[in-house]
Chemist: 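Provided herewith is a single structure, encoded as structure tokens, for subsequent inquiry.
Only a predicted model underlies this, so the values are computations on that prediction, with no experimental measurement involved. These numbers come from the heavy atoms of this one structure, side chains and all, not from hydrogens, waters or symmetry mates.
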Amino acid sequence: MKVGNSPDSTQYKVIVGSYSSPEETGIHTFVFDGATGTLEYAGGTGGIGNPSFVTEELRDGQLFAVSEMSPEGAVVSYAIDEAAGVMIQTGRQSTRGNHPCHLHADPTGQWLLTVNYSGGSLCLYPILENGAVGPLSDQVFHHGSSVRADRQSSAHPHSIIPVPGSDLWLVPDLGMDRLFLYELDRPAGKLMLRSETVVEGGAGPRHAVFHPHLPVVYVTEELGSSVGVYHLNLAGLSLERKQQMSTLPSGWNGVSTAAEIRITRDGRYVYASNRGHDSIAAFRTGEDGSLVLIDTYSTLGRTPRHFNLDPSDRYLIAANQHSDGIVVFSVAENGTLTAVGGPVAVNKPTCIQFYRI
């Protein structure tokens with residue numbers, strides 16, 4: 001698919017993570033044309049096993065990725081050479097645990113945080129002056145379980161997300177049915193537990209997004225195929241569930257799990273993906289942050305593990321892991337989705353991230 005040549009088009013790079021062997025191209029780069037909604041392949045890099053999640057933040061050409069491996073995973077840093085069109089690996093550090101599945105750079109650019117899903121731990125690393133990831137500074141372990149013996153026999157932290165306007169980080173733990181709040185002590189390079197919230201048994205909290213204007217956080221509940229809506233009290237360091245919404249259409253009884261969640265920058269719409277139903281659920285937000293389901297939209301493939309909104313909120317790109325393709329959707333003013341063309345081939349895509357060229 002070709003990038004449009006409109007002189008007023010807005011172009012972005014799209015980074016796609018995947019499940020792949022170190023010998024394969026695992027991190028792919030596309031150029032996305034925001035005027036036409038089309039993608040053009042621009043290359044990729046290998047040398048890393050299962051780079052299933054890459055950071056949303058790219059500062060001065062930096063990129064960070066997990067290597068979701070067992071018995072020991074890793075975090076890997078890259079420098080992006082735009083002129084040469086290549087990614088150069090600058091650092092690699094063990095996560096001292098199995099299957100790191102999510103990571104995030106501290107807003108100051110000083111620290112990198114990740115979680116080991118199977119290892120049940122959180123890891124904190126310094127980001128060195130040259131942009132490389134430095135040696136492990138702190139590791140925190142979760143211990144516990146919940147009601148589902150097949151999926152919740154031990155702790156499974158699934159993401160680590162900065163709480164806007166604070167030094168706090170939210171960690172949903174799928175295995176424990178808990179939402180943890182940690183404080184990042186930057187001078188000491190430590191993570192300190194500040195609170196934990198019990199979630200309904202068997203829900204399996206996975207990923208989360210914060211409303212841009214309200215003290216509200218939306219959490220995908222993987223095992224429950226639902227979104228939990230929570231009020232965040234920063235002063236009291238507490239989360240209170242206000243609503244739970246199914247991500248599936250009424251009457252559908254197949255096997256499905258919820259995965260990624262995103263919110264538009266104006267806070268008007270929330271989207272969540274279903275693996276099994278293979279769809280994106282679109283919600284409209286109320287004045288208090290509550291959700292109303294608009295509809296569900298087929299992702300034209302199987303197992304949408306991840307998706308993302310482009311920086312203009314005019315497009316959504318979904319990664320269909322088990323049908324080896326990514327699909328572009330246009331986002332209408334009323335929040336509805338329409339596919340733009342067919343799937344673009346990528347082997348086992350698992351993560352979509354944008355940055356402006």
Chemist: Does a side-chain N-to-carboxylate-O contact under 4.0 Å join Glu260 and Arg275?
Modeler: no
Chemist: For residues 230-253, which residue pairs qualify under salt bridge (charged side-chain N to carboxylate O under 4.0 Å, His left out), counting only residues two or more places apart or in two chains?
Modeler: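 Pairs touching residues 230-253 that pass the test: Glu200-Arg241, Glu221-Arg241, Glu240-Lys242.
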Chemist: Using the side chain to side chain donor-acceptor pair (under 3.5 Å) rule, take Ser145 and Ser153 through it: C-alpha gap first, then chi angles, then the decisive distance, then the call.
Modeler: CA-CA 5 Å; Ser145 59; Ser153 62; over 6 Å; no
Chemist: Which hydrophobic side chains are connected to Tyr19, either touching it within the sub-4.5 Å cutoff or through other members that do?
Modeler: none
Chemist: Over all heavy atoms of both residues, which pair between Gly34 and Tyr315 is shortest? Give the atoms and the distance, please.
Modeler: O-CE1, 3.2 Å
Chemist: Looking at CG of Leu112 and OG1 of Thr114, how far apart are the two atoms once the value is rounded to the nearest 0.5 Å?
Modeler: 7.0 Å
Chemist: Classify the ring geometry between Tyr182 and His142 as parallel (under 30°), tilted (30 to 60°) or perpendicular (over 60°).
Modeler: parallel
Chemist: How long is the straight-line distance from CD1 of Ile317 back to CD1 of Ile352, given to the nearest 0.5 Å?
Modeler: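 That separation rounds to 6.0 Å.
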Chemist: Which heavy-atom pair separates Pro51 from Ala65 by the least distance, and what is that distance?
Modeler: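 Answer, listing the atom of Pro51 first, then Ala65: CB-CB, 4.5 Å.
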Chemist: For the residue pair Tyr271 and Tyr269, categorise the inter-ring angle as parallel (less than 30°), tilted (30 to 60°) or perpendicular (more than 60°).
Modeler: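 Tilted: the ring planes of Tyr271 and Tyr269 meet at 30° to 60°.
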Chemist: Around atom CZ of Arg92, are there more than 12 heavy atoms from other residues, nucleotides or ligands closer than 6.0 Å?
Modeler: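 Enclosed: over 12 neighbouring heavy atoms sit under 6.0 Å from CZ of Arg92.
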Chemist: More than 12 heavy atoms of other residues, nucleotides or ligands under 6.0 Å from CZ of Arg186: is that the case?
Modeler: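 Counting other residues, nucleotides and ligands, CZ of Arg186 exceeds 12 neighbours.
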Chemist: In chain order, what residues pass the ring pair (Phe, Tyr, Trp, His ring centres under 6.0 Å) check against Phe30, with sequence neighbours excluded?
Modeler: Tyr41
Chemist: Do Ser146 and Asp177 have a side chain donor and acceptor closer than 3.5 Å?
Modeler: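 On atom types as modelled, these side chains qualify, holding a pair under 3.5 Å.
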Chemist: Show the nearest heavy-atom pair for residues Arg265 and Leu309, with the distance to one decimal.
Modeler: NH2-O, 4.1 Å
Chemist: Provide the closest heavy-atom pair for Val209 versus Ile261 in the form atom of the first, atom of the second, distance.
Modeler: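 Looking at all heavy atoms of both residues, the closest pair is CG1-O, 3.3 Å.
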Chemist: Output the distance between atom CG (Leu248) and atom CG (Asn253), rounded to the nearest 0.5 Å.
Modeler: 9.5 Å
Chemist: Shortest non-hydrogen contact from Ala319 to Thr350?
Modeler: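 Minimum heavy-atom separation between Ala319 and Thr350: CB-N, 4.2 Å.
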Chemist: Run Glu333 and Arg268 through side chain to side chain contact (heavy atoms under 4.5 Å, CB included) and show every step you take.
Modeler: CA-CA 10 Å; Glu333 176 62 26; Arg268 294 171 62 198; 2.7 Å; yes
Chemist: To the nearest 0.5 Å, what is the distance between CG on Asp106 and CG on Asp167?
Modeler: 8.0 Å
Chemist: I need the Leu181 CG to Thr197 OG1 distance, nearest 0.5 Å.
Modeler: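 Those atoms lie 6.5 Å apart.
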Chemist: When rounded to the nearest 0.5 angstrom, what is the spacing between OG in Ser273 and CD in Glu222?
Modeler: 9.5 Å
Chemist: Side chains of Thr303 and His322: is there a donor and an acceptor less than 3.5 Å apart?
Modeler: yes
Chemist: State, to 0.1 Å, how close Gly325 and Pro349 come at their nearest heavy-atom pair, and which atoms those are.
Modeler: O-CG, 3.6 Å
